[in-house]
> 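Mind having a look at this structure? Questions to follow.
For the numbers below, each heavy atom of this structure counts, side chains included, while hydrogens, waters and symmetry mates do not.
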Amino acid sequence: MIIALTVFVISIQSVNASENKLNILGQKFNLFFDSLKNHIVEEIEDTKEFQARKWKEAKNQNDKTLKIVNQKLTGFFSDFPNPKGDR
């Protein structure tokens, strides 16, 4: 839809084949695409940093939970008699 709209706008305007205007238009497109590329690269790096930070937090939380569960299970099973006898 965007492509069709762009083609329509370009086709209804009078075409002036001035090299100066084409250079200015080319510079504007280059500036736009460079800023778009930079934005995408920044977003990718931000996402990678965010994911690494969240994975680290999740791993730490998982380790803490595992330690708590181990402590609770150790306390729970310590009340049972040892089937092999007390050693």
Side-chain angles (χ1 to χ4, degrees):
M1 186 170 170
I2 294 173
I3 294 172
L5 181 63
T6 304
V7 170
F8 177 73
V9 169
I10 290 173
S11 67
I12 63 171
Q13 292 179 350
S14 62
V15 178
N16 187 355
S18 170
E19 186 175 324
N20 188 25
K21 288 184 179 182
L22 290 176
N23 285 339
I24 292 172
L25 182 64
Q27 289 173 352
K28 287 181 181 180
F29 277 124
N30 286 338
L31 180 63
F32 171 75
F33 287 123
D34 287 342
S35 64
L36 181 65
K37 181 180 127 185
N38 290 338
H39 177 71
I40 290 171
V41 168
E42 288 174 4
E43 285 295 321
I44 289 172
E45 294 199 11
D46 288 345
T47 302
K48 286 180 182 180
E49 290 173 7
F50 176 79
Q51 286 176 339
R53 187 174 65 246
K54 288 298 179 181
W55 276 99
K56 188 175 181 179
E57 289 174 6
K59 183 180 178 205
N60 290 339
Q61 181 63 36
N62 191 22
D63 290 343
K64 285 171 61 176
T65 304
L66 185 61
K67 287 179 184 177
I68 290 170
V69 168
N70 281 339
Q71 283 179 337
K72 287 183 179 182
L73 286 177
T74 301
F76 176 76
F77 288 116
S78 67
D79 295 338
F80 290 117
N82 190 352
K84 296 180 182 178
D86 291 332
R87 293 185 192 183

> Rounded to the nearest 0.5 Å, what separation is found between the CG atom of L66 and the NZ atom of K64?
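Here the rounded value is 13.0 Å.
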> Please list, chain by chain and in numerical order, all residues satisfying side-chain contact (heavy atoms from CB on, under 4.5 Å) with E49, sequence neighbours excluded.
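Counting only residues at least two positions away or on another chain, E49 forms a side-chain contact (heavy atoms from CB on, under 4.5 Å) with D46.
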> If you count heavy atoms of other groups shown closer than 6.0 angstrom to CG of L25, is the number above 12?
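Enclosed: over 12 neighbouring heavy atoms sit under 6.0 Å from CG of L25.
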> Considering residues at least two apart in sequence or located in another chain, which fulfil the salt bridge (charged side-chain N to carboxylate O under 4.0 Å, His left out) criterion with K54?
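E57.
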> For residues 35-44, tabulate all N or O donor-acceptor pairs below 3.5 Å that involve a side-chain atom, not counting sequence neighbours.
from : atom 1 : to  : atom 2 : distance (Å)
S35  : OG     : L31 : O      : 3.3
S35  : OG     : F32 : O      : 2.8
N38  : ND2    : D34 : O      : 3.3

> So, taking the atom named CG in D63 and the one named CD1 in I68, what distance separates them when rounded to the nearest 0.5 Å?
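Going from CG on D63 over to CD1 on I68, the span is 11.0 Å.
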